[in-house]
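Position 1 is the first residue of the sequence, and the numbers go up from there.
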Amino acid sequence: MPQIAGKDIGPIGFGLMGFTWRETPIPYPQAFETLKAALAQGMNFWNGGEFYGTPDNNSMTLLAAYFEKYPEDADKVVLSMKGASPINGHDGSAKGIKASMDNILAQLQGRKKVDVFECARRDPNVPQEETFKALQEYIDAGLLGAISLSEVRADTIREAVKLTKIAFVEVELSLFNTDILTNGVVAACAEHDIPVVAYSPIGHGMLSGRFKTPADIPPLLAHWPRFTPENFQHNLTLVNFVSDLASRKGCTPAQLAISWTRVLSRRPGIPLIIPIPGSTTVARVQENSVSVEITDAELAEIDEILAKFEVKGQRYPDGIPIDT
């Protein structure tokens, strides 16, 4: 069974962003049902963010309310929180880490320990040693379990492991974005036996096949480069391929996309990969939790398509740092 920070987790994790990082947050009763379903399906590694939502409706407030109602679930969940984000006016300095961690802990109200903390991005203006030293104080105080990295380059990983133990590296990985397979990130993780936590394994929902036209794109994504009208139709070609292969296999496109990230781990030089699809309904959790066997022949077919297909549009709008 996979482990994060010394705790057993299911092979597929669960991203919390969709509950609160939206124009109209998901009502708590629906969110609670979905969280319960995730646990029932073995998706007990939950990944949230201090900045996923507003100051009074975010991952922490949702979890505090959930664990108030279901305190027996707190020890079943392995919780990772992203913080120290410029969105919140924080940074990777000792002061920024303290502000971020103290805010997360205060809003969780003691109902759930933070098992892992990760800076949303590496702060280019602060030595990693300062960042990790500040986090170590929370580990020593029993308020934090471990440290991870988010959206980083290979050299950042190699520098970090000389300073502290890294629980995992969270990076984007999907059939729409395979950069980490060739830019050294996966190689660095494999070199140091660090799991990869793959966010957006369904391409922000695109690979599910539910976006048929640009009008179907959620407002918060509509202006992202890969979803703009001039790029959408081209990128739909890859979606159609995934949908066709999924139909032949008797599974959904989302199940195929998520399982593809997992089966990469059986290839030489690739570490354990834990996808963390997000869901806001019980039905979607149940769908995303299903693992699909992908044969070597099917992997080769996917490889061939990816080698020929060039995704149009960068991952994020200008101004959002990546590969830090």
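In summary, the side chains of E130 and S93 do not present any donor paired with an acceptor at a separation below 3.5 Å, with no hydrogens or angles considered. When only modelled atom types and interatomic distance are considered, E159 and Q128 share a side-chain donor-acceptor pair under 3.5 Å. Side-chain polar atoms of Y52 and N57 form no donor-acceptor pair below 3.5 angstrom. Side-chain N/O atoms of T61 and Q107 include no donor and acceptor closer than 3.5 Å. For the residue pair N288 / Q255, no side-chain donor-acceptor distance below 3.5 Å is found, with atom types taken as modelled. In this structure, a donor-acceptor pair under 3.5 Å is present between the side chains of R262 and S291. No side-chain donor-acceptor contact under 3.5 Å links S85 and E50. No hydrogens or angles considered: a donor-acceptor pair under 3.5 Å links the side chains of Q3 and D8.
Using a cutoff of 4.0 Å between basic side-chain nitrogens and carboxylate oxygens, R266 and E293 are scored as salt-bridged. Looking at R158 and E191, a side-chain N of the basic residue comes within less than 4.0 Å of a carboxylate O on the acidic one, giving a salt bridge. Salt bridge status for R267 with D303: present, with a side-chain N to carboxylate O gap under 4.0 Å. The residues D115 and K7 are annotated as salt-bridged, a charged nitrogen and a carboxylate oxygen being separated by less than 4.0 angstrom. Under a 4.0 Å N-O distance rule, the pair D323/R315 qualifies as a salt bridge. For E298 and K249, the salt-bridge test passes: some basic side-chain N is under 4.0 Å from an acidic carboxylate O. Note on K112 versus D73: no salt bridge recorded, every NZ/NE/NH1/NH2 to OD/OE distance being 4.0 Å or above.
A donor-acceptor contact shorter than 3.5 Å is absent between the side chain of S259 and the backbone of L256. For the pair T34 (side chain) and T280 (backbone), a donor-acceptor distance under 3.5 Å is present. Judged purely by atom type and a 3.5 angstrom limit, R111 uses its side chain to pair as donor or acceptor with the backbone of A64. Looking only at distances, no side-chain donor or acceptor of S247 sits under 3.5 Å from a matching main-chain atom of S243. Remark: the backbone N or O of P201 is not paired with any side-chain donor or acceptor of S174 at under 3.5 angstrom.
Environment of CD in E310: sparse, with no more than 12 heavy atoms of neighbouring residues, nucleotides or ligands closer than 6.0 Å. Enclosure of atom CG in D193 is not indicated, since only 12 or fewer non-hydrogen atoms of other residues, nucleotides or ligands lie within 6.0 angstrom. Summarising the local packing, NZ of K76 is surrounded by more than 12 heavy atoms from other residues, nucleotides or ligands at distances under 6.0 Å. Enclosure of atom CD in E304 is not indicated, since only 12 or fewer non-hydrogen atoms of other residues, nucleotides or ligands lie within 6.0 angstrom. The number of heavy atoms from other shown groups lying within 6.0 Å of NZ (K312) does not exceed 12. Within a 6.0 Å sphere centred on NZ of K98, other residues, nucleotides and ligands contribute 12 heavy atoms or fewer.
With contacts defined as side-chain heavy-atom distances shorter than 4.5 Å, the pair I104/S100 qualifies. Side chains of W260 and I294 form a contact here, defined as non-hydrogen atoms less than 4.5 Å apart. Within the 4.5 Å cutoff, no side-chain heavy atoms of I217 are placed close to those of T228. At least one side-chain heavy atom of L181 sits less than 4.5 Å from a side-chain heavy atom of L264. At least one side-chain heavy atom of R226 sits under 4.5 Å from a side-chain heavy atom of N177. Residues L175 and V242 form a side-chain contact, since some pair of their non-hydrogen atoms from C-beta on lies under 4.5 Å apart. Side-chain contact between T324 and P124 is absent, with no heavy atoms from C-beta onward closer than 4.5 Å. Looking at T131 and I147, their side chains never come closer than 4.5 Å, going by heavy atoms from C-beta outward.
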Apply side-chain contact (heavy atoms from CB on, under 4.5 Å) to residues I97 and D91 and explain how you reach the verdict.
CA-CA 7 Å; I97 292 297; D91 53 45; over 6 Å; no
Start with the C-alpha gap between E287 and R284, add the side-chain angles, then the distance that decides, and say whether salt bridge (Lys or Arg N to Asp or Glu O under 4.0 Å) holds.
CA-CA 5 Å; E287 175 186 354; R284 192 68 69 188; 2.9 Å; yes
Going through the distances and angles, do S80 and E118 end up as a side chain to side chain donor-acceptor pair (under 3.5 Å)?
CA-CA 7 Å; S80 171; E118 48 188 309; 2.7 Å; yes
Run the side-chain contact (heavy atoms from CB on, under 4.5 Å) test on F45 and V197 for me, step by step, so that the C-alpha distance in whole Å, both residues' side-chain angles and the decisive distance to 0.1 Å come before the verdict.
CA-CA 10 Å; F45 172 55; V197 168; 3.8 Å; yes
Criterion side-chain contact (heavy atoms from CB on, under 4.5 Å) on M1 and I9, from CA distance to verdict:
CA-CA 7 Å; M1 197 170 195; I9 63 167; over 6 Å; no
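Here the closest non-hydrogen pair linking V285 and S279 is CG2-CB, 3.6 Å. What you find for S289 and Q41 is that their closest heavy atoms are OG-OE1, 3.2 Å. Of all non-hydrogen atoms in A198 and I273, the two that sit nearest each other are CB-CG2, 4.0 Å. Nearest approach of T261 to L173, heavy atoms of both residues: CG2-O, 3.9 Å. Here the closest non-hydrogen pair linking I157 and C189 is CD1-SG, 3.9 Å. Closest heavy-atom contact between W224 and L220: NE1-O, 3.2 Å.
Side-chain heavy atoms closer than 4.5 Å link hydrophobic residues (I, L, V, M, F, W, Y) into clusters, and following such links, possibly through other members, connects M43 to I26. Residues I180 and V263 are members of one and the same hydrophobic cluster, defined by side-chain heavy-atom contacts under 4.5 angstrom among Ile, Leu, Val, Met, Phe, Trp and Tyr. A single hydrophobic cluster is not seen to contain both V292 and F241; linkage of ILVMFWY side chains at heavy-atom distances under 4.5 Å, directly or through other members, places them apart. Using a 4.5 Å cut-off between side-chain heavy atoms of Ile, Leu, Val, Met, Phe, Trp and Tyr, with links allowed through other members, V126 and M101 fall into different hydrophobic clusters. The hydrophobic cluster containing I202 does not contain V282, counting ILVMFWY residues as joined when their side-chain heavy atoms lie under 4.5 angstrom apart, directly or transitively.
Taking the six-membered ring for Trp and the full ring otherwise, the centers of Y28 and F19 sit at least 6.0 Å from each other. The distance between the ring centers of Y66 and W46 falls below 6.0 angstrom.
Residue E151 forms a side-chain contact (heavy atoms from CB on, under 4.5 Å) with just one option from V185, I320, I322, and that option is I322.
Under the 30°/60° scheme for interplanar angles, the aromatic rings of H204 and Y316 are found to stand perpendicular. Ring geometry, F227 versus F211: the interplanar angle exceeds 60°, so the pair is classed perpendicular (tilted spans 30 to 60°).
Taking the centre and axis of the six-membered ring of F117, the NZ or CZ atom of K82 falls outside the cone set by 45° and 6.0 Å.
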